[in-house]
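Residue indices begin at 1 and follow the sequence shown. Predicted, not measured: the structure shown is a model, and the values here were computed from it. Values below: all heavy atoms of this structure, side chains included; hydrogens, waters and symmetry mates excluded.
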Amino acid sequence: MSGDAPRGGGGAAEEGPLLLGVRHHGPGSARAVRAALEAARPHVVLIEGPPEADALVPLAADEGMRPPVALLAHAVDEPGRSAFWPLAEFSPEWVAIHWALEHGVPARFIDLPAAHTLAWEKEKEKEKEKEKENEEAPGDGDADQDAAADGAPHAGVRLDPLRALAEAAGYDDPERWWEDVVEHRGVGDGDPFAPFAALEEAMGALRETYGDGGHERDAVREAYMRLQVRAAGREAGDDGVAVVCGAWHVPALRRRASVAADRALLKGLPKVKADLTWVPWTHRRLARASGYGAGIDSPGWYGHLFGAPDRPVERWMTKVAGLLREEDRLVSSAHVIEAVRLAEALAVLRGRPLPGLGETTDAVRAVMCDGSDVPLALVRDRLVVGDVLGEVPASAPAVPLQRDLDRQQRRLRFKPEAREREVELDLRKETDAERSRLLHRLGLLGVAWGERIVSRGSTGTFRETWRLRWEPELSVRVAEAGVWGTTVLAAATARAEADAVAAPGLAEVTGLAESCLLAGLSDALPAVMRVLADRAALDTDVGHLAQALPALVRSLRYGDVRGTDTAALAEVAAGLAERVFVGLPPACAGLDADAAEEMRRHVDAVHGAVGLLGDGPAPRHTDLRGRWRSVLRVLSGRDRVPGGIRGRAVRLLLDGGEVDADEAARLMGLALSVGTPPADAAAWIEGFVGGGAGGGMLLVHDERLLALVDGWLAGVSAEAFTDVLPLLRRTFSAYEPGVRRTLGELVRRGPGERAGVTGIGAGVAGFAAEPDTARAAAVLPVVRLLLGTDPAEREAERQRDGLAEVGR
């Protein structure tokens with residue numbers, strides 16, 4: 001059999017297997033394959049694909065199977081290592097499978113087994129890592145160049161065969177060339193084998209010029225395919241075998257090669273244990289823009305061409321009109337008629353046999369979109385590419401976790417969709433609450449079906465808004481997560497417990513506790529809480545503690561709305577708050593600008609958390625808010641605390657009614673006094689009126705504070721003004737435009753016209769006309785002590801000297 005050459009596409013009467021070279025996901029190739037199979041009536045159909053999937057072929061005829069779908073192969077010991085073989089309704093391979101099933105003919109896959117493909121990928125990754133390590137090491141670059149020169153004429157270049165043929169024909173767009181020579185030419189004008197003969201001849205010329213075209217694995221793959229074709233020939237006779245494969249491989253399958261040579265190429269290939277199944281796929285993932293190597297530019301358009309029985313342009317324009325009407329654009333039947341006429345006229349002018357995607361797109365832009373590309377982008381996204389999501393029957397092999405997920409999706413009427421959509425869940429409803437728990441559990445498992453976003457209609461804890469989109473790769477993530485359990489609940493529980501132990505810091509553990517409450521993992525919460533308590537007891541970084549406290553308090557709120565017992569969580573939160581209260585003032589001393597900004601955010605977060613935590617019945621909950629107010633008073637009065645933190649502490653006390661406006665004005669006056677460095681004074685202002693917390697309105701309604709800021713800024717030196725301007729600009733640019741206009745008007749009027757305000761002088765608390773002798777005298781004892789002139793200290797020193805003399 002080694003000397004037998006496979007039969008080509010020139011006619012059914014030639015000897016040898018029938019080789020049908022196709023373009024993957026080409027509707028013209030799909031129609032031609034069906035016509036050729038009907039004419040040849042082979043006894044066995046061989047298809048490019050992993051042979052481990054032969055047992056899955058009968059599922060293609062199941063009523064629950066709806067393309068696009070894909071064969072998914074993953075390594076049993078490493079589920080994340082996977083490979084896909086996508087198939088659409090218009091894929092020639094899918095048509096060949098269905099033809100074989102309809103006629104009771106065996107259909108088998110003949111490409112290199114997935115066990116070798118997955119192992120090969122792993123070896124390649126190791127090689128890339130080694131190359132990366134050796135990038136900076138000196139190498140023999142000339143030798144590499146010589147080795148490349150000894151190969152094919154274009155060694156190292158990864159060839160796109162369709163692009164090469166299109167360029168040879170004078171086309172700059174391979175998709176347009178393919179439409180002209182295949183999609184618009186029928187199936188061979190009466191000879192069903194003619195398209196394959198022409199395509200084989202073209203690919204043969206490319207292989208002679210480019211060798212393997214940079215596809216280094218092709219020699220091994222083609223050796224395996226030749227062995228499978230020979231084996232099928234021995235079983236059914238050469239004339240009874242039809243092979244459906246990429247047209248690029250046909251010249252290699254026709255080439256005479258000995259069995260020994262082919263087996264030698266396959267010897268020693270790496271191998272792993274692999275499992276295969278069918279998974280849903282999407283048109284979007286068939287697109288070239290998704291990164292799929294055999295992708296096409298317009299899967300939705302190709303699907304339309306394959307499915308339209310007649311008048312494809314008219315039917316396409318009707319689809320476009322329906323989509324635009326759904327988006328409230330005025331599109332009438334007259335628009336459809338004119339768009340069809342324009343597309344046909346453009347095809348004639350451009351010398352094309354029929355209007356293609358380019359002509360229909362130009363016609364839609366001109367007639368239905370008024371020349372705008374904005375609605376045209378919607379047409380491309382929804383129709384040219386599309387969001388079609390395939391379906392796989394329940395009888396398809398799957399890991400237990402996938403089956404449990406499917407059951408829950410059906411029970412909750414929560415169907416996955418390829419198109420991105422937003423859903424709002426009301427947690428007071430049991431179904432929505434279960435949907436929320438499912439999404440949070442999947443998030444813990446790394447199956448990112450949904451992303452939680454900010455709710456536009458409500459800020460309460462009883463609503464959640466999610467942005468959902470099901471991607472085919474999530475099937476791989478589900479297979480990976482299967483190691484944690486056979487159900488979503490069990491797997492999420494085990495994963496949460498393991499992640500808590502392995503978490504690098506306290507903030508990660510508190511976030512995990514929050515996730516456990518959101519996901520309803522009551523069994524995992526005690527284990528996470530034990531780890532949290534241990535980490536909180538050992539962590540001495542006040543920044544970490546302050547970062548962890550808000551997450552714990554949010555968890556308490558989530559527990560309330562979900563009816564979860566959070567007593568243990570409340571105890572940990574209260575203990576964490578007390579440690580923050582003790583450690584925060586010393587931690588705020590002596591910080592640089594960046595560290596001070598970060599600590600100011602921690603102060604805001606802790607303030608909000610304490611407000612939510614409130615005063616509980618337990619002893620350690622008593623007067624948490626009162627103790628926090630004491631901490632803020634300490635922060636507001638310590639000179640070593642950066643100005644931004646001091647200003648924010650004063651502002652929080654003012655908002656809470658702990659200091660009045662007069663006291664706030666006095667403290668601002670002190671912070672903006674002549675002896676304060678301009679940068680520190682500007683930071684104080686930003687802390688007091690910045691952060692988007694209504695500081696602008698505070699200045700509008702309390703002109704004493706505005707006068708202080710205005711007077712201080714007017715007195716800043718030219719050199720310092722350049723330094724403080726960016727900080728102040730950042731502060732005031734966050735205000736609403738109306739607030740900024742009002743402040744500008746008040747400043748423009750000047751201090752003399754502002755009622756009751758004369759600037760930083762008389763009338764502002766803390767700035768009297770004469771020096772305050774009582775306040776000045778308060779520093780005298782300290783000064784005398786430093787200078788050694790304090791009478792009491794001198795008397796104590798004489799006594800110490802006398803005792804020392806007696807001792808001698």
Side-chain angles (χ1 to χ4, degrees), residues 19-38 45-51 53-54 56-62 65-73 83-102 105 107-111 114 161-162 174-175 178-179 182-183 187 192 195-196 199 225 242-250 276-288 290-308 312 384-392 396 418 472:
L19 300 182
L20 303 178
V22 301
R23 180 193 184 184
H24 301 301
H25 319 306
S29 286
R31 288 192 297 267
V33 162
R34 176 171 287 278
L37 293 177
E38 287 288 348
V45 178
L46 305 181
I47 302 166
E48 182 181 336
D54 286 351
L56 301 176
V57 168
L59 288 174
D62 193 290
M65 181 76 81
R66 184 171 66 87
V69 293
L71 288 168
L72 164 64
F84 295 97
W85 286 263
L87 297 171
E89 185 181 12
F90 50 84
S91 299
E93 299 87 347
W94 183 258
V95 170
I97 290 173
H98 268 263
W99 185 91
L101 293 174
E102 290 167 4
V105 173
R108 302 172 191 160
F109 293 106
I110 60 168
D111 202 351
L162 289 187
E175 296 292 330
W178 178 260
E179 282 190 346
V182 177
E183 301 302 333
V187 294
F196 302 105
L199 202 54
M225 285 193 275
V243 181
V244 179
C245 64
W248 176 255
H249 302 297
V250 171
L276 276 84
T277 187
W278 290 107
V279 295
W281 204 252
T282 68
H283 274 180
R284 193 171 300 280
R285 296 301 296 170
L286 283 172
R288 194 189 308 274
S290 70
Y292 173 40
I296 53 180
D297 288 340
S298 50
W301 167 253
Y302 275 4
H304 169 77
L305 290 181
F306 185 75
V384 177
V385 176
D387 286 308
V388 177
L389 175 65
E391 295 180 2
V392 171

Nearest 0.5 Å please: distance from the [atom1] atom of [X] over to the [atom2] atom of [Y].
X     : Y      : atom1 : atom2 : result
Asp62 : Leu56  : CG    : CG    : 12.0 Å
Ser91 : Ile296 : OG    : CD1   : 7.5 Å
His24 : Leu87  : NE2   : CG    : 10.0 Å
His25 : Tyr302 : NE2   : OH    : 11.5 Å
His98 : Glu89  : NE2   : CD    : 8.5 Å

side-chain contact (heavy atoms from CB on, under 4.5 Å) involving [X] - partner list, sequence neighbours excluded:
X      : value
Val243 : Leu19, Leu46, Ile110, Val229, Val241, Cys245, Leu253
Pro472 : Trp281, Thr282, Arg285
Ala247 : Leu199, Met203

Parallel, tilted or perpendicular: ring planes of His283 versus Phe90, cut at 30 and 60 degrees: tilted
So which atom in [X] and which in [Y] form the shortest heavy-atom distance, rounded to 0.1 Å?
X     : Y      : result
Ala73 : Ala114 : CB-CB, 3.7 Å
Val33 : Phe196 : N-CZ, 3.7 Å
Gly26 : Trp178 : CA-NE1, 4.5 Å
Pro51 : Phe109 : CB-O, 3.4 Å
Ala60 : Ile97  : CB-CG2, 3.7 Å
Pro68 : Leu286 : CB-CD1, 4.3 Å

Less than 4.5 Å apart, side chain to side chain, heavy atoms only: is that true for [X] and [Y]?
X     : Y      : value
Phe84 : Leu71  : no
Leu37 : Val95  : no
Glu48 : Val244 : no

Electrostatic pair Glu175-Arg23, nearest N-O below 4.0 angstrom: yes
Backbone N/O of Leu389 and side chain of Arg284: donor-acceptor pair under 3.5 Å: no
